[in-house]
S.K.: 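There's a structure below that I have some questions on.
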Amino acid sequence: MELADAVALIMFIGVIAYAVFAGADFGSGIWDLGAGDAEQGGPTRRLVDHAIGPVWEANHVWLIFVLVFLWTGFPEAFGSIMSTLYVPFCFVALGIVFRGCGFAFRKFSDDLASARLFGTAFAAASLITPFFLGMVTGAIASGRVPGEGVGDRWTSWTGPTSWVGGALAVLTCAFLSAVFLAADAERLGHAELTERFRRRAMVMAIITGVAALAGVAPLRLDAPTLSDRLLGRGVVFMFGSAAAGLLSLWLLHRRQFHLARGAAVAAVVAVVAGWGVAQYPWVLVDEMTIAEAAGSSATLWGLLIAFGIAAVLVLPPLAYLFWLTDKSVLGTEFSAGE
Amino acid sequence: MLTSLVLASTESDLLAARNQMALTLGYHIIIACFGVAFPAMIFVAHRRAIRLNDDTYLELARRWSKVAAVLFAIGAVTGTVLSFEMGLLWPELMSTYGDVMGLAFALEGVSFFIEAIFIGIYLYGWDRLPPKLHSLMLVPIMMAGASGTFFVLSVNAWMNSPTGFDTITNAAGEIEVINVDPLAAIFNSAVGLQYVHMLLAAYMVVAFSVAATYAIGILRGRNDRHHRIGLLIPLAFACVVTPIQPAIGHFAGQRIADEQPIKLAAIEGLATTESEVPTIIGGYYDGEKVVGGIEIPIPGLASFLAQNSFDAEIVGLDAVPEEDRPPVNIVRTSFGIMVMIGTALVGLVAWFGWSWWRRRKRPESKWFLRAVALSGPAAVVALEAGWITTEVGRQPWVVNGLLRTEDAVTDAEWIWASFGVITAVYALITVAGISVLRSMTRRWRDGEKHLHTPYGPPEQLADAPQPVEVG
Ligand code: HDD
Ligand code: HEM
Ligand code: HEM
């Protein structure tokens, strides 16, 4: 493997981690948005708080990780992406600001009106952010970001592939988090919420699967390079994802939430990995390959070493954080208010 | 790396981009100080609580950690906006030099990852983790804050003092960066002083801000043990860091004299190269000289400060063509404000230190508390003034001597709009954040120990058997 490929691979692992972990956090916000008025929505919102409170900041850093690897390892591609996709990235940035502040502020507000205001900011931003990130993905995947100079600042990210990307991103987040929240609710012994999220997870599994299938048609027309490979060497991943999705559906049906969570993660990992495999060796599809975009090799080595340091210093405490959260050692006292 | 030739945008868009960068950086840096230095103060309170089995200390640590939770969230999101902006606003900077300075950002990312993880564990670990272990979770947060600051400052220092690469001009007339040495770029000649100066500034900002909060409380008649300790812990920190700051600043100035003489000329308001330059406080640079300031009656003081010799030569602005000079008065005024505040704050901690040394007590005078109440905002102003000195003093260059700001900026046409939106959004989160923090302190004052999140109608909340407990 070439040096640049190794760096791209690591960057892509960051993309997958962000999709799974931050995806589940975003999804929780989406369910929070649809939880209903203050009385109805209380239990769901408490569950969301409990589930993502300790972890959301850490999960968010994967995005920084990807950005930094992109601009350091592939500086010219970064320049093109950010100049061309100025508008959707502004929405992503605003979404991130509103989501983080809304979540933190809601937790400490003292009356219902302000909790509602901050909660709405958090929840609406949880919907907007993955949607625009999905649109960005579609722009790159359909070859609309040029290697040199700047692409059209409006049409580059509003093509059919972008809409597919945006929709799939939102659906995937909602599916993942429904499974996670069902598992959390069960562990906390809240039967009604468990049932509610179990149902939602199953519905979302089906909708997401159908949407992914339906997305193939626009992709064939709009992003031939990507879809050729997606249906070529990427097809294993697509089938793998479908199989994992079905498995999670069956496990949800049998109320084996812990296992269902694993299957749901596998389904998402497989889709994202399939996209990565299909896109290889392009950083910007049809425009710039990994090798062309690569920065200086001394820096690429530096990135690999930085990743090594990160693996040693970050992963063990991250695992500890997840373990503590999963065991409910951390977090707020959970009571759904009954 | 090739620079792709993007059309230079208009003067006005450049101004908007600069304003947006300055606003978002100037905002993030204040909040970031709390990420760097607040954990150390919480640590002191928490450890003393455990060692002395003392409820007042414990309550302080608990409350501070909740305040920190709000500030950390703002720090994380405003930092993310900055990462986006590096590409959105300055695509040419990133595509040309991204691989030279990027490694420092990657290591900064590692630091903030660690910080975010342990913040999650600490903030949500109250009453769940064994107290000793729980308090130790602050140690990695402090270390990661300090190392993260080093790496970001390294990027900024690199822009002042770019090293670790060579450039050639290729056949197409574009600048190409070759022979990148990322370690040399990280450990450039400006990073050491800038880092220490910033780290101390972070501790000063947080120490004086926290102390100011409690000083105001005492002035309003809440002179209880809680407030006295809340005042003493940050003042102790301030006593350690404040006196060192002017010395580090002085050496930073000497580094500028060597490496960025035009920045120093702007600071001094010096039109032509001269020796035996005096120091003038205040005043206004009219294009030839400083008018209306007060000259310190020590001949050659500025020469001495910059070069360690009273008759040393200081380079004047005319050493470079007009278009290569920074706006003198902005740089000069902000530098003056920083130094004035720095000196005054040394005076303040000297007052406190003297009284403590003689009587083991803080100065009794109300004026002392009033001065402390002012010191918080003053430290923030000094921080901003320092950054304006550094950043505006580097103009017109974004990478000193190599890349002009106007060549690095994006050619997007709507920067004024995005600047307007960002300004509105930051104003909004500021108002919301302050109102949340105020409501927290109000509830604490009313004797609420745990803050409950209202998720249902208030009456239901009141008789809920086991309301949600935050932290
Ligand atoms: C609490 C804040 C604070 C205080 C009291 C001071 N400074 Fe400062 N100063 C900063 C906070 C700061 C900073 C953190 O804002 C800067 C901007 C960039 C940097 O590295 O530190 C800075 C930059 C800065 C620079 C420019 C460095 C460069 O461009 O590379 C100089 C020459 C000084 N300072 C000198 C001083 C002196 C002589 C002080 C004496 C009292 C002083 N500072 C107090
Ligand atoms: C002097 C300058 C800076 C200092 C001292 C500083 C310090 C910090 C600190 C301490 C945090 C942790 C936030 C918290 O938990 O409160 C933080 C967050 C962050 N900073 Fe800055 N910062 C600086 C400038 C920048 C710049 C220029 C960028 C990007 C270009 C940046 C990007 C970030 C990012 C992405 C985060 C979020 C990390 C997370 O998600 O936790 N910072 N910064
Ligand atoms: C490590 C951190 C920092 C980095 C990497 C950084 C980077 C930049 C960049 C790329 C620009 C635009 C190009 C230019 O105008 O030269 C800029 C401008 C500016 N920055 Fe910084 N900056 C940092 C810290 C700060 C902080 C903390 C402040 C606080 C006030 C600040 C204030 C400004 C101002 C006022 C400008 C506009 C200068 C002008 O155009 O006249 N910077 N900075």
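Letters A, B, ... mirror the listed sequences (proteins, then strands); counts begin at 1. Only heavy atoms go into these numbers, but all of them, side chains included; no hydrogens, no water, no symmetry mates. Remember, predicted model here, so these are calculated numbers, not experimental data.
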S.K.: Side-chain contact test, heavy atoms from C-beta onward, threshold under 4.5 Å: evaluate it for A/P317 versus B/F118 and give yes or no.
M.R.: yes

S.K.: A/W301 versus chain B, heavy atoms under 4.5 Å apart: side chain, backbone, both or neither?
M.R.: neither

S.K.: So, do A/P54 and B/I121 sit near enough that their side-chain heavy atoms are less than 4.5 Å apart?
M.R.: no

S.K.: Just verifying a value: how many Å separate B/T80 OG1 and A/L67 CG, rounded to the nearest 0.5 Å?
M.R.: 8.5 Å

S.K.: Less than 4.5 Å to any heavy atom of chain B: does that hold for the side chain of A/F74, its backbone, both, or neither?
M.R.: neither

S.K.: Hey, what do you get for CG (A/D110) to OG (B/S435), rounding to the nearest 0.5 Å?
M.R.: 8.5 Å

S.K.: Report the C-alpha separation of A/V97 and B/T78 in whole Å, then their side-chain angles, then the decisive distance to 0.1 Å, and conclude whether the side-chain contact (heavy atoms from CB on, under 4.5 Å) test is met.
M.R.: CA-CA 7 Å; A/V97 169; B/T78 53; 5.7 Å; no

S.K.: Please flag which part of A/L63 lies under 4.5 Å from any non-hydrogen atom of chain B: side chain, backbone, both or neither.
M.R.: side chain

S.K.: Please determine, among A/A104, A/G102, A/G73, A/C101, the option with the most heavy-atom pairs under 4.5 Å with chain B.
M.R.: A/C101

S.K.: Can you tell me how far apart CZ (B/F113) and CD1 (A/I64) are? Round to the nearest 0.5 Å.
M.R.: 10.0 Å

S.K.: Look at the side chain of B/D99 and the backbone N and O of A/S296, then say whether any donor-acceptor pair between them is shorter than 3.5 Å.
M.R.: yes

S.K.: State, without any angle test, whether A/Y86 and B/S418 hold a side-chain donor-acceptor pair at a distance under 3.5 Å.
M.R.: yes

S.K.: Considering only heavy atoms, which portion of B/L428 lies under 4.5 Å from any heavy atom of chain A: side chain, backbone, both, or neither?
M.R.: side chain

S.K.: Is it the case that more than 12 heavy atoms not belonging to A/F91 sit under 6.0 Å from its CZ atom?
M.R.: no

S.K.: Once you round to the nearest 0.5 Å, how far does OH of A/Y320 lie from CD1 of B/I117?
M.R.: 12.5 Å

S.K.: State, to 0.1 Å, how close A/F108 and B/A69 come at their nearest heavy-atom pair, and which atoms those are.
M.R.: CE1-CB, 4.0 Å

S.K.: Which residue out of A/T299, A/N59, A/I81 racks up the most heavy-atom pairs below 4.5 Å with chain B?
M.R.: A/T299

S.K.: Below 4.5 Å from any heavy atom of chain A, which atoms of B/L107 appear? Answer side chain, backbone, both or neither.
M.R.: side chain

S.K.: If I take atom CG from residue A/L324 and atom CG from residue B/L129, how far apart are they, to the nearest 0.5 angstrom?
M.R.: 6.0 Å

S.K.: Mind listing the closest non-hydrogen atom pair of A/G79 and B/S95 along with its distance?
M.R.: CA-CB, 4.3 Å

S.K.: Quick one: what part of A/F322 sits under 4.5 Å from any heavy atom of chain B, side chain, backbone, both or neither?
M.R.: neither

S.K.: Need one label for A/L303: side chain, backbone, both or neither, based on atoms under 4.5 Å from any heavy atom in chain B.
M.R.: both

S.K.: Below 4.5 Å, heavy-atom pairs only: which of B/L437, B/L88, B/L183 has the largest tally toward chain A?
M.R.: B/L88

S.K.: Measuring heavy-atom distances to chain A, does B/M94 have an atom under 4.5 Å in its side chain, in its backbone, in both, or in neither?
M.R.: both

S.K.: Looking only at heavy atoms and a cut-off of under 4.5 Å, which of A/F307, A/F65, A/F103, A/F118 has the most pairs with chain B?
M.R.: A/F118

S.K.: Got a salt bridge between B/D411 and A/R153, using NZ or NE/NH1/NH2 to carboxylate O under 4.0 Å?
M.R.: yes

S.K.: Against chain A, label B/F165 side chain, backbone, both or neither, depending on which of its atoms sit under 4.5 Å from a heavy atom there.
M.R.: neither

S.K.: Is it the side chain or the backbone of A/L117 that comes within 4.5 Å of chain B heavy atoms, both, or neither?
M.R.: neither

S.K.: With a 4.5 angstrom heavy-atom cut-off, which part of A/V55 approaches chain B: side chain, backbone, both or neither?
M.R.: neither

S.K.: Minimum heavy-atom separation for B/S83 and A/F78, please, with both atom names.
M.R.: O-CZ, 4.3 Å

S.K.: State, to 0.1 Å, how close B/G109 and A/V61 come at their nearest heavy-atom pair, and which atoms those are.
M.R.: O-CG1, 4.1 Å

S.K.: Taking C-beta and beyond as the side chain, do B/F84 and A/I96 meet within less than 4.5 Å on heavy atoms?
M.R.: yes

S.K.: Applying ring-ring contact (aromatic ring centres under 6.0 Å, His included) to B/W90 and A/W71, what does each step give before you reach the verdict?
M.R.: CA-CA 12 Å; B/W90 316 106; A/W71 83 47; over 10 Å; no

S.K.: What's the shortest heavy-atom distance between A/L321 and B/G120, and which atoms?
M.R.: CD1-C, 4.2 Å

S.K.: Mind listing the closest non-hydrogen atom pair of B/V77 and A/G100 along with its distance?
M.R.: CG1-CA, 3.9 Å

S.K.: If you count heavy-atom pairs under 4.5 Å with chain A, which of B/V110, B/L103, B/I74, B/D181 comes out on top?
M.R.: B/L103

